[in-house]
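Shown next, in structure tokens, is the structure this report addresses.
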There are 2 protein chains.
Amino acid sequence: MKWDDVGSQACSVARTMAVIGDRWTMLVLRNAFMGTRRFDHFQLQLSVTRHVLADRLKRLVDAGVFRKEAYQPNRYEYRLTEMGLGLYPVLLAITGWGDTWLDEGRGAPLIFQHKGCGQTMTPKMVCSECGESVTARDVIPMAGPGLQASRSAGSANPPAEKRASDAS
Amino acid sequence: MKWDDVGSQACSVARTMAVIGDRWTMLVLRNAFMGTRRFDHFQLQLSVTRHVLADRLKRLVDAGVFRKEAYQPNRYEYRLTEMGLGLYPVLLAITGWGDTWLDEGRGAPLIFQHKGCGQTMTPKMVCSECGESVTARDVIPMAGPGLQASRSAGSANPPAEKRASDAS
DNA sequence: TTGACAGGTTCCAATATAGAACTTAGATTC
DNA sequence: GAATCTAAGTTCTATATTGGAACCTGTCAA
């Protein structure tokens with residue numbers, strides 16, 4: 001199977017990876033969440049080639065993660081949409097895992113202060129219903145409506161965007 | 001910058017992506033969390049080429065995410081280590097985003113029952129200290145011990161977290 | 001002892017990436 | 001009002017990675 005067909009599966013992981021599963025994309029998003037908005041700033045900060053960066057930004061705009069907005073004629077900013085901001089838990093989870101398992105004994109490169117309570121926080125994944133921490137051993141995955149629908153429809157479709165208006 | 005150098009940055013996102021940031025890797029992990037353990041099963045379920053699958057499994061074993069264990073002479077299973085199990089929040093966050101933004105109006109392909117409370121849950125990222133939901137707007141990233149250590153050690157420079165000054 | 005099976009390797013063509021140079025249009029400086 | 005600068009890309013070439021298929025190599029089962 002080619003990578004471009006992965007997103008057509010009835011699986012939220014596959015569909016999400018089709019959008020952000022590329023090697024550089026999460027690093028672009030990391031910097032976007034840190035406030036970066038312009039092509040050259042991304043390019044300098046990431047040291048990714050301009051070619052690849054242009055491609056990734058375009059894909060993310062097409063997917064609805066970024067909004068491309070002119071701040072002058074012919075000059076653009078890439079700003080996270082609500083859909084893009086929704087990726088923050090993914091970034092936090094990734095950061096949390098890196099902090100736990102890949103810190104080389106030096107502690108976290110970044111720490112996070114929670115505005116709400118003022119404390120230094122670590123991200124924690126909990127059950128929406130009871131608020132308890134969730135690990136792989138605590139959940140039972142079961143077929144949901146999207147799976148049955150796609151089975152009976154029997155086909156794969158292009159993403160129908162609910163387009164987000166702006167953010168931040 | 002070449003991709004292979006990404007993991008040497010003092011950034012937990014970069015380090016984590018160096019391990020799992022590849023196109024197929026999260027799909028391998030998805031299936032591993034669903035119970036898949038053997039080479040041919042991964043290959044059939046994912047439709048990834050054997051060559052790429054072999055490479056990804058090897059990398060994940062080297063990184064400590066999988067343990068390779070003989071269940072017969074010359075036949076192996078790939079089982080998640082504790083480090084690997086620690087990636088479950090990442091998978092949940094990815095699933096949650098896909099369910100919210102990419103469901104094509106059909107609802108989630110999979111739903112999750114929480115053993116603890118018996119309810120159908122959605123994953124929720126909260127502050128470890130106060131338990132409140134966390135979004136991008138609720139946290140202030142600050143330099144942590146791992147960043148200072150790597151700066152004084154003079155290793156690969158982390159991207160400057162400069163705030164883009166903006167228009168509008 | 002013959003064949004199937006699991007777990008890979010090897011081969012080649014197609015695609016993607018890294019690095020650098022080039023383009024373009026409006027803004028700034030002289 | 002021409003020359004320069006700047007941001008945001010494109011284009012180019014060499015190298016690396018993928019996709020697809022065939023091949024190899026030990027066990028196991030009949």
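The chains referred to below are lettered A, B, ... by the order of the sequence lines, with proteins before strands, and numbering in each begins at 1.
Counting only distance, with no hydrogens or angles, the side chain of A:Gln119 and the backbone of A:Gln113 share no donor-acceptor pair below 3.5 Å. Although no hydrogens or angles enter the test, the distance criterion places no donor-acceptor pair under 3.5 Å between the side chain of B:Arg23 and the main chain of A:Arg23.
The span of DNA chain C lying next to chain B, judged by atoms under 4.0 Å from heavy atoms, is bounded 5' to 3' by C:dC5 to C:dG19.
Closest of all the heavy-atom pairs between B:Val139 and A:Met121 is CG1-SD, 3.7 Å. Considering every non-hydrogen atom in both B:Met83 and A:Trp97, the closest pair reads O-NE1, 2.9 Å. Closest approach of B:Arg37 and B:Phe42 over heavy atoms only: C-CE1, 3.7 Å.
When the side-chain nitrogen and oxygen atoms of A:Lys68 are compared with OP1 and OP2 of D:dG9, one or more of them lie within a distance under 4.0 Å. Here B:Arg50 does not reach the OP1 or OP2 of D:dT18: none of its side-chain N or O atoms lies under 4.0 Å away. Look at B:Tyr71 and you won't find any side-chain N or O under 4.0 angstrom from OP1 or OP2 of D:dT27.
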What do the steps show when you test A:Val19 against B:Trp101 for side chain to side chain contact (heavy atoms under 4.5 Å, CB included), and what is the final call?
CA-CA 11 Å; A:Val19 176; B:Trp101 294 100; over 6 Å; no

Residues A:Val28, A:Leu57; criterion side chain to side chain contact (heavy atoms under 4.5 Å, CB included); working and verdict
CA-CA 8 Å; A:Val28 170; A:Leu57 289 172; 4.1 Å; yes

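Within residues 40-48 of chain B, the residues that place at least one heavy atom under 4.0 Å from DNA chain C are, in residue-number order, B:Asp40.
The CD atom of A:Glu77 sits 12 Å away from the P atom of D:dG9 (whole-angstrom rounding). Distance A:Asp55 CG to D:dC12 C1': 17 Å, rounded to the nearest Å. The distance from atom CE of B:Met1 to atom C1' of D:dA16 is 17 Å, rounded to the nearest whole Å. Spacing between atom CG of A:Asp5 and atom P of D:dT18 amounts to 16 Å, rounded to whole angstrom units.
The neighbour count for A:Arg59 CZ, taken as heavy atoms of other residues, nucleotides or ligands under 6.0 Å away, does not exceed 12.
Under the 4.5 Å side-chain contact rule for hydrophobic residues, B:Met1 and A:Leu27 share a cluster. Both B:Leu46 and B:Val52 belong to a single network of hydrophobic side chains, linked directly or stepwise wherever heavy atoms of I, L, V, M, F, W or Y lie under 4.5 Å apart.
Residue A:Tyr78 places its side chain closer to D:dG9 than to any other of D:dC28, D:dA22, D:dG9. Nearest to the side chain of A:Arg75, among D:dA8, D:dT6, D:dG19, sits D:dT6. Listed nucleotides D:dG26, D:dA8, D:dT11 differ in distance to A:Phe39; the shortest reach to its side chain belongs to D:dA8. Minimum atom distance to the side chain of A:His51 is reached by D:dC12, of the listed D:dG19, D:dG9, D:dC12.
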Given Watson-Crick and G-U pairs under 3.5 Å, DNA chain C in dot-bracket ([ ] crossing, | other strand) is ||||||||||||||||||||||||||||||

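Between B:Thr95 and B:Arg30 the shortest side-chain heavy-atom distance does not fall below 4.5 Å.
Under 3.5 Å, the side chain of A:Arg38 and the base of D:dA8 form no donor-acceptor pair of N or O atoms.
Looking at heavy-atom distances under 4.0 Å, A:Asp22 makes contact with sugar-phosphate atoms alone, never a base.
Nearest-nucleotide positions on DNA chain C place B:Leu57 closer to the 5' end than the other of B:Leu57 and A:Pro73.
Taking the six-membered ring for Trp and thresholds of 30 and 60 degrees, A:Tyr88 and A:Phe33 have ring planes inclined between 30 and 60 degrees apart.
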